[in-house]
Protein chains: 2
Amino acid sequence: MIDVKTLCLGVLSRGDASGYEIRKEFEEGPLSHFSDAGFGSIYPALKRLLDEGQIVMLPHNGDGRPDKKLYRITPAGRHALYQALIKTPSADKLRSDLMFILSFGHLLPPRHLDRIIGDRISDYRQMIATLEVEGSTAHRTPGERFVEGMGLAIYRAVAGYLEEHRHELVAAALMESQVA
Amino acid sequence: MIDVKTLCLGVLSRGDASGYEIRKEFEEGPLSHFSDAGFGSIYPALKRLLDEGQIVMLPHNGDGRPDKKLYRITPAGRHALYQALIKTPSADKLRSDLMFILSFGHLLPPRHLDRIIGDRISDYRQMIATLEVEGSTAHRTPGERFVEGMGLAIYRAVAGYLEEHRHELVAAALMESQVA
DNA sequence: AAGTGATGCATCGGATTGATATATAACATT
DNA sequence: AATGTTATATATCAATCCGATGCATCACTT
């Protein structure tokens with residue numbers, strides 16, 4: 001798995017940024033659908049990257065404000081990023097609490113099953129709507145468009161599957177609850 | 001996110017198992033598509049579950065063999081599992097090194113892009129074929145069938161998207177490499 | 001008889017997660 | 001004017017998790 005240092009280098013390869021701004025990339029930007037990193041891993045990562053000379057800190061303009069630290073990638077950093085990018089990528093992994101829960105559907109009240117599936121469908125429909133708007137307005141590189149399109153494709157597949165098979169699962173749970 | 005203790009309780013709720021067998025569930029079973037846990041987290045988790053009285057160790061039949069330890073869930077364990085299952089599930093998250101890499105496609109040789117995408121398509125097609133066979137033979141609860149079907153739906157969506165958009169991305173990278 | 005691979009337990013360092021703490025600025029609310 | 005809320009911004013910390021490694025036995029092949 002790609003580590004947080006590499007994730008940070010990736011963001012910085014697009015332009016200078018602070019730790020806070022890097023975080024936002026993983027929360028909102030195109031990368032957000034397939035990567036993740038919190039402050040607890042970003043700040044230590046930046047510290048290590050500094051030590052290794054892969055980034056430098058820009059002298060802050062003394063604007064006052066709570067000391068924003070801007071970082072810039074160095075040639076050494078670009079080289080390290082490239083080395084990480086050409087390594088064979090490890091397998092994709094989807095972690096889903098919902099799927100774990102549903103695989104034990106027989107232990108739960110049918111009404112509850114129906115509700116959590118319905119809620120999740122709404123979440124996905126919302127994300128899809130947001131992506132459809134952003135995708136047509138925001139400026140993106142071909143790579144970013146590709147990745148965003150993949151996110152959209154997956155969200156649509158999941159939402160569609162949940163909608164189509166929701167009733168099967170709830171019906172099976174209902175039958176079982178009547179036997180018991 | 002659901003922790004490894006709960007994942008273990010889930011597996012044990014279906015029947016007694018050893019740490020090794022629990023691991024196999026996450027590697028091969030229907031849960032494998034959406035959960036994950038290695039020995040380094042399973043063994044400590046089992047130890048804690050023992051301390052908390054949520055599982056017990058069965059007296060091993062002294063068969064010789066490298067000391068297989070069978071665990072069984074207790075009523076307290078089933079209760080803890082239930083409590084975990086009815087909590088609102090956190091959002092699904094797909095971690096994909098490939099997508100991170102592709103979003104920096106402009107930094108890589110077009111040939112390389114084409115190759116890693118092609119490789120990944122083969123991986124997915126292989127997984128889909130395996131799932132299609134298993135799905136029609138193995139015995140599954142409704143919940144397990146539902147989850148396995150979701151895995152299949154996602155894999156098909158990803159493989160399809162990669163196949164359909166592969167050339168766009170590679171073509172864009174080619175154009176850029178000619179400009180430079 | 002040697003090798004390979006599956007079964008099986010266990011540990012350990014390093015990395016990550018998730019929660020928490022602090023502080024300023026901008027904006028809206030009462 | 002005072003209060004509350006949200007966004008900006010850095011940082012730490014315990015609990016947990018990941019990945020690699022080590023050890024030993026059994027089954028099967030070559």
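Labels below follow one simple rule: chain letters A, B, ... track the order of the sequence lines, proteins then strands, and each chain is numbered from 1. Because the structure is a prediction, the values reported are computed rather than measured.
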Trainee: Do B:T6 and B:D3 meet the criterion of a side-chain donor-acceptor pair at a distance under 3.5 Å?
Mentor: yes

Trainee: Please list all pairs meeting salt bridge (charged side-chain N to carboxylate O under 4.0 Å, His left out) that have one or both residues in residues 77-93 of chain B, counting only residues at least two apart or in different chains.
Mentor: A:R120-B:D92

Trainee: Please give me the minimum heavy-atom distance between B:A45 and B:C8, naming the atom from each residue.
Mentor: CB-SG, 4.3 Å

Trainee: Using a strict threshold of under 4.0 Å (side-chain N to carboxylate O), is an ion pair present between B:E27 and B:R23?
Mentor: yes

Trainee: Mind checking whether A:Y71 and A:L58 have side chains closer than 4.5 Å, heavy atoms only?
Mentor: no

Trainee: Using five pairs at either end of the helix from C:dA1-D:dT30 to C:dT30-D:dA1, determine the angle between the two local helix axes and round it to 10 degrees.
Mentor: 30°

Trainee: Determine, step by step, whether B:F146 and A:Y161 satisfy the ring-ring contact (aromatic ring centres under 6.0 Å, His included) criterion, reporting the C-alpha distance in whole Å, the side-chain angles of both residues, the deciding distance to 0.1 Å, and the verdict.
Mentor: CA-CA 9 Å; B:F146 182 90; A:Y161 183 87; 5.3 Å; yes

Trainee: Could you tell me the separation between the CD1 atom of A:I2 and the P atom of D:dC18, rounded to a whole number of Å?
Mentor: 17 Å

Trainee: How about B:S18 and B:K68: do any of their side-chain heavy atoms sit closer than 4.5 Å?
Mentor: yes

Trainee: Heavy-atom distance under 4.5 Å between the side chains of B:E144 and B:H139, does that happen here?
Mentor: no

Trainee: Near DNA chain C, under 4.0 Å by heavy atom, which residues of residues 77-84 of chain A?
Mentor: none

Trainee: Could you tabulate the donor-acceptor pairs under 3.5 Å formed by side-chain atoms of residues 105-116 of chain B, not counting sequence neighbours?
Mentor:
residue	atom	partner	partner atom	Å
B:D114	OD1	B:R166	NE	3.0

Trainee: For nucleotides 11-16 of chain D, give me one character per nucleotide, 5' to 3': B if any protein heavy atom sits under 4.0 Å from the base, S if the only such contacts are to the sugar-phosphate, - if neither.
Mentor: BB---S

Trainee: Do the non-hydrogen side-chain atoms of B:H165 and B:L162 ever get within less than 4.5 Å of each other?
Mentor: no

Trainee: Tell me, which of residues 7-33 of chain A have any heavy atom that sits under 4.0 Å from an atom in DNA chain D?
Mentor: A:S18, A:G19, A:Y20, A:K24

Trainee: What is the distance, rounded to the nearest whole Å, between atom NZ of A:K68 and atom C1' of C:dT22?
Mentor: 19 Å

Trainee: Can you check the B:I42 CD1 to D:dG19 P distance for me, whole Å?
Mentor: 13 Å

